[in-house]
Amino acid sequence: MFTPETLTDIRAAFPILSRKHNGNPLVFLDNAAGTQVPRQCIEGFVRYLSESNSNTHNPYVTGVETDAVIANAHAAMADFINAPDGASVILGPNMTTLTFALSRALSASWQPGDEIILTRLDHDGNFSPWHLAARDRGVTVRVVDINTDDCTLVVDDFERYLGPRTRLVAVGGASNMVGTINPLKQIIGMARAAGALSFVDAVAYAPHVSIDVQALGCDFLACSPYKFWGPHLGALWGRRELLDALPAYKVRPAGNELPGKFQTGTQSHEAWAGLIGTFDYLEWLSTRVPASTAKLRSARASRFRAVMDAMQAYERGLCEQLIRGIQAIPGSKVYGITDPARFEWRAPTVGFRVRKGAPEHISTTLGERGILVQHGNYYAQNLSERLGLEDGGGVIRASITHYNTAAEIDRLLEALD
Ligand SMILES: Cc1ncc(COP(=O)(O)O)c(C=O)c1O
């Protein structure tokens with residue numbers, strides 16, 4: 001949780017939060033599409049571009065500084081997910097691009113008749129890269145269904161589909177449309193017991209739950225820093241021995257070594273400098289929340305854990321306020337878990353419908369009033385189809401992060417009402 005002073009200081013760290021539109025302060029509730037960034041992130045960009053802008057491996061001062069930015073960004077990212085090994089994190093343009101690269105590398109050894117398991121809950125970034133790789137290799141795709149009443153995964157389906165030919169289970173950490181948090185440890189354990197690899201799409205999970213890839217036991221995990229107060233980037237972690245053994249498509253003379261393995265061409269070094277700034281912000285915030293006693297790979301990893309735990313506790317209250325408020329509007333429907341006793345299994349990403357008005361009309365009208373929410377299927381197309389929402393324009397989505405306030409949730413609820 002945060003004290004009121006801490007919340008004030010948090011908000012002051014994000015310059016864009018003071019912006020007004022049509023005379024109204026903007027309410028940023030489309031955080032699942034991308035969060036805003038703190039001053040430290042912006043300063044990281046400015047400092048890098050003002051002082052150190054260069055390509056890599058150059059024998060002069062700005063080149064050396066650029067190489068240091070690359071190393072520092074990867075090391076901080078490793079702390080954020082408690083990776084056992086700093087070199088096993090790969091930064092890239094976004095999760096989707098990295099996942100396509102990984103899917104090509106992994107599927108190179110798949111044989112016709114092999115199987116993979118995907119889910120209907122996932123964003124298409126954790127569906128199509130695997131689905132297309134399976135098509136190319138003659139591999140069978142099994143799709144885990146959802147319980148439509150609360151948008152949770154039918155976990156028994158994993159048990160049903162896992163077998164000696166299963167090569168991979170790709171599962172999301174949290175739904176970006178309805179907020180469901182999946183029982184990752186259980187699913188990863190099932191995959192491992194069956195001899196299959198596990199890939200976790202943590203894009204919608206990382207902004208809300210601290211990640212410990214070692215405790216999860218997964219083989220690969222991807223996330224996107226632009227969803228957790230950083231620049232537009234993606235990150236992929238994998239078990240070192242697996243990553244080392246995988247082939248990657250590269251141009252000569254670029255080597256296959258980590259962390260450059262799935263990086264092609266020149267990267268956004270300024271964004272990596274910005275990401276270091278984001279992690280500096282989290283370090284600052286760690287001085288304002290209770291310390292974590294978890295034994296992690298470094299003191300910085302423990303500070304990140306403390307911050308994520310405090311955010312999770314704070315966001316839970318706002319999520320309850322939002323869901324209660326929507327449910328009080330006659331004819332409304334919230335998708336996913338709504339019982340606060342089960343909020344351990346939900347992120348504060350709330351997909352809903354109200355009786356009057358198509359989602360697009362509602363989000364556009366709210367936008368005119370300075371309340372920023374989205375409408376549609378958010379690339380969770382399989383889920384939207386399964387829930388029968390595609391024809392009606394999907395759902396309205398209000399997604400909370402730690403800089404939102406109870407007063408902002410009230411403003412959304414009043415406008416909806
Ligand atoms: C759950 C989830 N997975 C994957 C993606 C794709 O991420 P990226 O834009 O980094 O490719 C998103 C983006 O919204 C997402 O929410």
Side-chain angles (χ1 to χ4, degrees), residues 28-37 73 77 80-81 89-104 118-132 144 146 151-153 169-182 184 187 198-209 211 216 218 220-237 262-264 267-268 271-272 274-275 278 335-336 345-351 363 372-384 386 394-395 397-401:
F28 290 90
L29 283 169
D30 192 19
N31 296 294
T35 44
Q36 301 305 325
V37 301
M77 190 62 222
F80 188 67
I81 58 173
V89 170
I90 301 166
L91 291 170
N94 51 59
M95 174 273 185
T96 305
T97 302
L98 289 168
T99 305
F100 266 115
L102 180 68
S103 68
R104 276 197 297 266
L118 311 178
T119 91
R120 221 174 280 292
L121 189 63
D122 274 271
H123 183 283
D124 214 60
N126 194 29
F127 192 89
S128 283
W130 307 114
H131 198 259
L132 294 171
V144 169
I146 57 156
C151 299
T152 53
L153 287 175
V169 173
V171 64
S175 160
N176 67 316
M177 181 166 138
V178 294
T180 313
I181 289 179
N182 296 322
L184 285 178
I187 296 165
S198 54
F199 173 91
V200 176
D201 170 3
V203 174
Y205 182 84
H208 307 292
V209 189
I211 295 178
L216 283 175
C218 54
F220 302 98
L221 179 139
C223 57
S224 305
Y226 74 91
K227 310 281 194 187
F228 50 90
W229 327 289
H232 288 100
L233 285 172
L236 171 68
W237 170 82
F262 296 116
Q263 292 164 350
T264 46
Q267 303 289 317
S268 178
W272 297 0
L275 179 59
T278 294
Y335 292 85
W345 300 109
R346 128 172 302 291
T349 301
V350 181
S363 65
L372 313 191
V373 298
Q374 258 291 4
H375 62 270
N377 68 23
Y378 316 95
Y379 284 70
Q381 184 148 334
N382 292 327
L383 174 62
S384 181
R386 181 71 177 89
V395 292
R397 181 183 69 183
S399 47
I400 291 167
T401 190

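Just so you know, ligand 1 is whichever comes first in the structure, and atom 1 is the first atom listed for that ligand. Computed from a prediction, not measured in an experiment: that's the story for all the values here. Heads up: numbering here begins at 1 and tracks the sequence.
Less than 4.0 angstrom separates some heavy atom of S224 from each of these atoms of ligand 1: 7 (O), 8 (P), 10 (O). Near Y226, with a cut-off below 4.0 Å to any heavy atom, the atoms of ligand 1 are 7 (O), 8 (P), 9 (O), 10 (O), 13 (C). For ligand 1, the atoms lying closer than 4.0 Å to a non-hydrogen atom of N176 are 1 (C), 16 (O). Within ligand 1, the atoms closer than 4.0 Å to a non-hydrogen atom of M95 are 4 (C), 7 (O), 8 (P), 10 (O), 11 (O), numbered from 1 in the order shown.
Nearest heavy atom pair, residue L121 against residue V178, reads CD1-CG2, 4.3 Å. Heavy-atom minimum distance, F262 versus L236: CD1-CD2, 4.0 Å.
The option from H232, H123, M177, K227 that lies nearest to atom 5 (C) of ligand 1, judged by heavy atoms, is H123.
Under 4.0 angstrom from ligand 1, the non-hydrogen atoms of D201 all belong to its side chain.
Proximity of a side-chain donor or acceptor of Q381 to a complementary backbone N or O of Y378 within less than 3.5 Å is not detected.
Distance CZ/R397 to CG/N176: 5.5 Å, rounded to 0.5 Å. In this structure, CG on N94 lies 10.0 Å from NZ on K227, to the nearest 0.5 angstrom.
Atom OH of Y379 is surrounded by 12 or fewer heavy atoms from other residues, nucleotides or ligands within 6.0 Å.
Atom 11 (O) of ligand 1 has as its closest protein heavy atom T96 OG1, 2.5 Å.
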